[in-house]
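Computed from a predicted structure; not experimentally measured.
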Amino acid sequence: MSDPRILTVRPGPGEYAWTFGGAPPVARIAPGTVLDLYTEDCFGGQVRSEKDLVSEVCEFPYLNPQTGPFHIEGAEPGDTVAVHFVSIEPARDWAASTTVPLFGALTSTHTTATLQPPLPETVWIWQLDRTRRTALFRAHDSDIEAELPMDPMHGTVGVAPANLEVRSALVPDAHGGNMDTPEMRAGVTCYLGVNVEGALLSLGDGHARQGEGETCGVAVECAMNTVVIVELLKGLATPWPRIESDTHIISTGSARPLEDAFRISQLDLVQWLVRDYGFSELDAYQFATQAVESPLANVCDTNYTCVAKIRKQWLPGRETHRGVHARLRETAATLR
């Protein structure tokens with residue numbers, strides 16, 4: 001196997017994308033390219049202390065900067081882009097989280113309007129020990145401290161949407177975007193259906209860790225140094241973002257209300273079982289019902305995101321997505 005092409009991108013101020021679609025590509029890449037990327041946190045690096053309130057240091061809608069987009073040569077509607085995450089590493093020794101007025105799962109929002117005051121803005125700065133792989137929580141209102149294991153992930157990965165749409169980097173949908181699932185960690189391959197020529201792939205929104213559901217709306221947000229391998233599967237459609245790990249196949253669905261996001265992810269998983277594993281539709285429905293795991297990704301964004309996952313060890317020994325996950329794992333091993 002020839003050595004993969006490596007492109008290093010470290011965006012400067014003003015060089016990030018804030019949308020999926022509508023932004024010119026920063027580079028054209030061939031399938032098989034390794035991208036060595038820096039991604040800024042969702043606040044653009046502006047929340048650095050407990051005194052830095054989002055409402056004062058950030059300008060809406062310029063939140064969730066994305067590194068990219070990248071034009072993938074040969075990508076056309078009906079194809080699938082495979083993005084294999086080789087490594088996701090915090091770029092700083094600290095990360096930030098916060099409450100945001102009228103945002104989050106346990107407060108009034110602009111769409112769930114109730115007669116109560118917005119939550120106050122409060123910032124927590126988490127100290128990251130990148131050697132010991134821990135994130136330190138310090139309470140504001142007591143002397144409680146707790147170390148949690150780091151589990152770096154990307155909240156946002158996506159391509160340009162279909163139908164000439166331009167979507168905010170805060171929004172998840174069929175194009176990917178701000179799905180905020182902890183499943184998007186190092187070692188997985190994300191599959192994204194191509195909607196426009198070149199696909200226009202971007203990613204960002206690094207989290208040192210995040211609980212399922214991202215309840216308050218903000219994870220342990222940090223800048224990342226991330227390495228991915230980008231591959232192209234010609235003539236293979238992927239209607240909703242999918243993820244493959246060494247142990248699971250994982251479907252996603254993003255919508256409101258939450259039950260529709262759940263239904264999308266479950267239906268996509270059923271259809272995946274039919275397409276690649278030899279099940280009939282009703283057999284897949286029954287099997288998934290008894291075998292699926294259904295963790296929440298986010299219940300706070302413009303669209304909510306659910307995932308549906310099944311253990312590979314319970315599935316027939318068949319190849320999915322042309323075996324690209326296993327091949328990219330082998331390539332990733334040569335980069336370390």
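- Judged as a salt bridge (Lys or Arg N to Asp or Glu O under 4.0 Å), and not counting sequence neighbours, the contacts of R138 are E145.
- Side-chain contact check for D205 and T39: no donor-acceptor pair (N or O, by modelled atom type) lies under 3.5 Å.
- The ring pair (Phe, Tyr, Trp, His ring centres under 6.0 Å) check on H110 picks up nothing, with sequence neighbours excluded.
- Transitive grouping of hydrophobic side chains (ILVMFWY, heavy atoms separated by less than 4.5 Å) keeps V34 and V230 in distinct clusters.
- Judged as a salt bridge (Lys or Arg N to Asp or Glu O under 4.0 Å), the pairs with a partner in residues 67-91 (not counting sequence neighbours) are, in order, E76-K234, D79-K234, E89-R133.
- Sequence neighbours left out, not one pair with a member in residues 42-62 passes salt bridge (Lys or Arg N to Asp or Glu O under 4.0 Å).
- Under the side-chain hydrogen bond (donor to acceptor under 3.5 Å, both in side chains) criterion, D268 pairs with R242, S251, not counting sequence neighbours.
- Here L200 is tied into one hydrophobic group with V196, each link being a pair of ILVMFWY side chains closer than 4.5 Å.
- With sequence neighbours excluded, the residues that form a side chain to side chain contact (heavy atoms under 4.5 Å, CB included) with L296 are L258, V299, C306.
- Residues V83 and L232 share a single hydrophobic cluster, defined by chaining ILVMFWY side chains whose heavy atoms lie under 4.5 Å apart.
- Between W272 and Y191, the ring-plane angle classifies as perpendicular under the 30° and 60° cut-offs.
- With sequence neighbours excluded, the residues satisfying salt bridge (Lys or Arg N to Asp or Glu O under 4.0 Å) with D246 are R329.
- Counting heavy atoms of neighbouring residues, nucleotides and ligands inside a 6.0 Å radius, atom CZ of F103 exceeds 12 of them.
- Within the structure, every pair that satisfies the ring-ring contact (aromatic ring centres under 6.0 Å, His included) test and touches residues 59-80, not counting sequence neighbours, is listed here: W18-Y62.
- Scanning for side chain to side chain contact (heavy atoms under 4.5 Å, CB included) contacts around A219 gives H207, Q210, E214, E221, with sequence neighbours left out.
- Here the shortest heavy-atom pairing between V270 and E281 reads CG1-O, 4.0 Å.
- A donor-acceptor pair shorter than 3.5 Å cannot be found between the side chains of N303 and S254.
- Not counting sequence neighbours, the partners of R311 by the salt bridge (Lys or Arg N to Asp or Glu O under 4.0 Å) test are E293.
- Residues passing the side-chain hydrogen bond (donor to acceptor under 3.5 Å, both in side chains) test with E231, sequence neighbours excluded: none.
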